[in-house]
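Please read the structure below before turning to the comments.
Naming: A, B, ... by sequence-line order, numbering from 1 per chain.
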Amino acid sequence: MEENSKLNPEQQMAVEIIDGPILIIAGAGSGKTRVVTFRIANLLNKGVHASQILGLTFTNKAATEMKERVLHLTQSAVLICTFHSLGAKILRESIHHLGYTSNFTIYDDDDTDKLLKMCLNDAVGAESKEKLKELKTLISSTKNSLQESPIEGGGRVEGQLFSKIYFQYQAKLKEYNAVDYDDLLALPVKLFREYPSLLEYYQQRWSHLLIDEYQDTNHLQYTLVNYLVSKSRNLCVVGDPDQSIYSWRGANINNILNFENDYPGAKVIRLDQNYRSRSNILDAANHLIARNPNRFEKHLWSARGPGEKIKLFRADNDKMEASFVADRILAYQRQCDLPLSQMVVFYRTNAQSRVFEDCLLQRRIPYVIVGGISFYHRREIKDILAWLRMALSGNDYVSFARTINLPKRGLGDATLDKIRLAASHEQCGILEYCEKLLSKEIVQVPVKLTAKQREGLEEYVQIIHQLQKVSQETTLAALVTAAIDYTRYWTYLEEDKETMVDRKENLNALVSKAAEWEQSTSEPSLTGFLEELSLKSSLDEADTNAERLSLMTIHNGKGLEFDAAFLVGMEEDLFPHINSRDDEEGVEEERRLCYVGMTRAKEYLYLSHAVTRTIWGVTRTQRPSRFLREIPTEYIEKLGAPAPYNYATAVQRKVEKPQPIVSEDFSNGDLVFHQEFGVGCVRQKYDGSAGLTYKVFFSKSNSEKNLVAEFANLARL
DNA sequence: CAATCCTGATTTTTT
DNA sequence: ATCAGGATTG
């Protein structure tokens with residue numbers, strides 16, 4: 001919809017009621033973002049100061065988008081951020097009350113896993129994967145219950161063991177001056193409880209709150225918000241119970257269902273007009289979701305006309321399903337002028353992407369997998385960041401353990417454990433302990449080191465000192481470069497020739513990001529940079545404008561829309577997933593997930609399933625998903641085996657046997673094909689350390705690779 | 001302490 | 001089929 005076209009009456013109401021609690025039930029495609037933007041503009045018009053408004057979202061992407069739209073409409077900068085970065089902000093200002101310092105580290109899942117493993121090891125001397133997983137959820141549930149003491153677990157982990165580990169885990173976090181993701185929400189709540197004056201300060205600071213995707217809030221987020229608005233009661237929440245798909249992560253759908261009870265006198269506004277989908281698609285989705293017994297009754301409608309029927313395709317096997325989808329996509333692109341960026345393949349599990357990738361590669365259809373491993377979770381990036389964290393605090397044992405043996409310094413697990421325990425006894429930070437140990441200062445529990453180990457540790461401590469010095473006097477980008485240089489990280493990378501070039505590229509990208517970030521921030525600091533990176537996900541990097549087909553899990557599709565959507569693998573035990581099969585609430589959530597997937601489509605929706613599917617090397621016979629039966633047949637058109645699209649087969653034949661060319665005659669701009677990486681574009685030709693090298697951009701991975709000409713295996717297209 | 005083989009697990013993952 | 005982490009070697 002156009003930015004300045006008229007709001008419908010419900011949208012208008014949602015914009016104009018600015019005081020008191022208000023719940024906006026915003027169905028799929030009902031113009032939610034627009035309403036939120038206009039609402040903020042209206043608040044500003046009515047005299048609310050920009051600094052008093054706080055908007056909360058779940059993803060950085062959503063926050064950035066909303067911030068930009070508000071800026072565009074009103075020229076005002078309003079604080080719109082994720083729940084977790086709000087938590088981080090509050091803690092940076094006030095965490096000293098709880099005995100941490102304000103430059104605390106934020107641990108991601110990787111880091112907390114390592115910490116938890118340590119605790120489990122210390123407690124029972126052994127660890128099992130299953131227990132680890134269970135402990136993780138128990139810890140998270142404890143924090144979500146707002147208890148200081150561990151909750152009862154119903155599983156294999158004994159209460160006493162869990163209790164011990166929980167306290168250990170929490171104590172270690174504090175010792176290392178670190179917080180986990182849950183702490184970013186739980187510790188502010190703790191502050192609000194224990195320091196009423198602090199609470200009052202934050203209540204005054206933000207007089208008007210706005211929460212997006214309220215159906216996905218967990219108890220911590222609910223409580224945090226509840227504290228903040230309990231005085232002003234100016235709370236506007238936006239959400240759709242039918243799109244609640246994160247209960248397995250602790251989201252509580254009751255937060256939105258009980259809103260009127262929690263905030264008496266709340267106004268409820270329903271946005272029922274869908275501006276996105278053709279009514280065949282929307283009505284089909286409505287019928288499906290109506291099967292869920294426990295829900296807020298609502299009925300979305302569309303004025304966009306019926307459009308085409310939903311296409312249902314039954315394939316003999318998973319490979320043929322993928323070929324069908326790929327051929328349809330080519331046809332849409334060439335015959336209907338649909339850009340690839342307006343099409344999407346949705347699947348239930350990540351493992352399903354593989355067969356599609358192969359197929360798209362063969363047909364030279366550029367694609368991108370949205371989600372997956374984030375740039376910031378790559379090993380080399382995490383390594384360098386761990387060095388920087390050490391330079392920052394020196395207490396962070398997890399980062400210490402990550403970096404101490406890079407490259408090998410003869411300090412393995414056994415020695416590390418000794419050092420850790422000794423430092424703990426000594427009651428000093430890990431770096432401080434190492435300094436003492438090396439300077440032969442009296443330590444109560446000295447750790448015996450071999451000459452080689454001592455030398456290694458000396459070198460390590462010296463590097464940290466150098467980095468600390470550099471961090472005082474130079475730019476962030478230079479600091480990151482220094483971290484790479486001083487640690488001789490490139491030498492370390494060269495041990496693995498296979499991955500070396502890519503990893504180096506990634507580190508260069510990290511330096512660029514540091515420089516960029518420094519430019520765009522008013523008060524750049526290492527702490528701030530590290531925080532930004534810990535709170536960033538792979539989704540935030542995805543750029544949806546490029547001319548590429550998107551592949552993603554349905555979970556990752558929430559909030560997006562496409563002209564054509566292909567919902568694949570509609571089979572029992574895959575979707576609904578086998579792990580949800582036996583419990584009614586689980587199936588309901590799967591059904592909501594299906595609803596989310598269907599309502600992403602504007603014009604064309606395809607549902608497909610395969611009769612046999614190869615999973616983990618085993619071929620199984622699959623039954624069609626129950627969801628297919630739950631959609632009335634009047635909206636569906638069954639497709640027979642499709643005539644393969646001629647162009648596609650022609651291209652496929654051509655590409656099936658690309659001639660590996662050992663060649664030095666590519667030039668910038670040449671289109672090439674690589675067996676593994678797919679279609680690419682030559683960006684640069686230069687003399688690398690390993691010989692003549694091409695820098696090629698591959699659309700599949702959305703990344704540049706350096707290929708040594710001799711092994712390039714490229715075919716010109 | 002490091003290298004190697006082997007076993008076993010593989011839903012979704014906003015932060 | 002694949003890959004990460006564990007146990008077992010050197």
Applying a 4.0 Å non-hydrogen cut-off, can you work out what A:D573 is touching in the nucleic acid: base, sugar-phosphate, or nothing?
nothing
A:F562 six-ring face occupied by A:R276 cation (under 6.0 Å, within 45°)
no
Would you kindly give the CG-to-P distance between A:D108 and B:dT13, to the nearest whole Å?
16 Å
Rounded to the nearest 0.5 angstrom, the OG-CG distance for A:S534 and A:D110 is 11.5 Å
Ignoring backbone atoms, test whether A:N556 places a side-chain nitrogen or oxygen under 4.0 Å from the OP1 or OP2 oxygen of B:dT13.
yes
Round to a whole Å and report the spacing from CG of A:D109 to P of B:dT13.
12 Å
Within the structure shown, what part of the strands sits under 4.0 Å from A:A251 by heavy-atom distance: base, sugar-phosphate, or nothing?
nothing
For a quick test of reading the model: is some side-chain N or O of A:N579 closer than 4.0 Å to OP1 or OP2 of B:dT12?
no
For A:I554 and B:dT12, give me the distance from atom CD1 to atom P, rounded to whole Å.
11 Å
Which residues share a side chain to side chain contact (heavy atoms under 4.5 Å, CB included) with A:S525, sequence neighbours left out
A:T527
Does A:F83 reach a base, just sugar-phosphate, or nothing at all? Heavy atoms under 4.0 Å.
nothing
Mapping A:A351 and A:T82 onto DNA chain B by nearest heavy atom, which one lands closer to the 5' end?
A:A351
Looking for any heavy atom pair under 4.0 Å, which part of the strands does A:Q453 touch: base, sugar-phosphate only, or nothing?
sugar-phosphate
In this structure, how many angstroms lie between the C1' atom of B:dT11 and the CG atom of A:N350, rounded?
9 Å
Paired with B:dT11 by Watson-Crick or G-U wobble geometry, both distances under 3.5 Å: which nucleotide is it?
none
Out of B:dT15, B:dT11, B:dT14, whichever nucleotide has its closest atom nearest the side chain of A:Y181
B:dT15
Could you give the CD-to-C1' distance, from A:Q243 to B:dT12, as a whole number of Å?
16 Å
Choosing from B:dT14, B:dC1, B:dT11, which nucleotide comes nearest the side chain of A:T415?
B:dC1
Closest to side chain of A:T59, choosing from B:dT12, B:dT15, B:dT11
B:dT15
NA contact type, A:D216, heavy-atom cut-off 4.0 Å: base, sugar-phosphate, or nothing?
base
Determine whether the aromatic ring of A:H555 stacks with the base of B:dT12, defined as ring centroids separated by less than 5.5 Å and ring planes inclined by less than 30°.
no
Would you kindly compare A:T349 and A:S534 by the position of their nearest DNA chain B nucleotide and give the one closer to the 5′ end?
A:T349
Roughly, in whole Å, what's the span from CG in A:N405 to C1' in B:dC1?
9 Å
Counting heavy atoms from C-beta on, name the nucleotide in B:dT11, C:dT2, B:dC1 closest to the side chain of A:E590.
B:dT11
Under 4.0 Å from OP1 or OP2 of B:dT14: is there any side-chain N or O of A:T57 that close?
no
Whether the side chain of A:R249 and the base of B:dT15 hold a donor-acceptor pair under 3.5 Å is what I'd like checked.
yes
Nucleotide C:dA4, atom C1' - distance to CG of A:D113 in whole Å:
13 Å
Lys/Arg-Asp/Glu bridge criterion (N-O < 4.0 Å) met for A:R348, A:E590
yes
Nucleotide of B:dT15, B:dT14, B:dT10 approaching A:W616 most closely (side-chain heavy atoms):
B:dT10
Minimum heavy-atom separation for A:G569 and A:F575, please, with both atom names.
O-CB, 3.9 Å
Angle class for the A:F400/A:Y460 ring planes (parallel below 30°, perpendicular above 60°, tilted otherwise)?
perpendicular
Atom-to-atom span, CD1 of A:I615 to P of B:dT11 - whole angstrom
11 Å
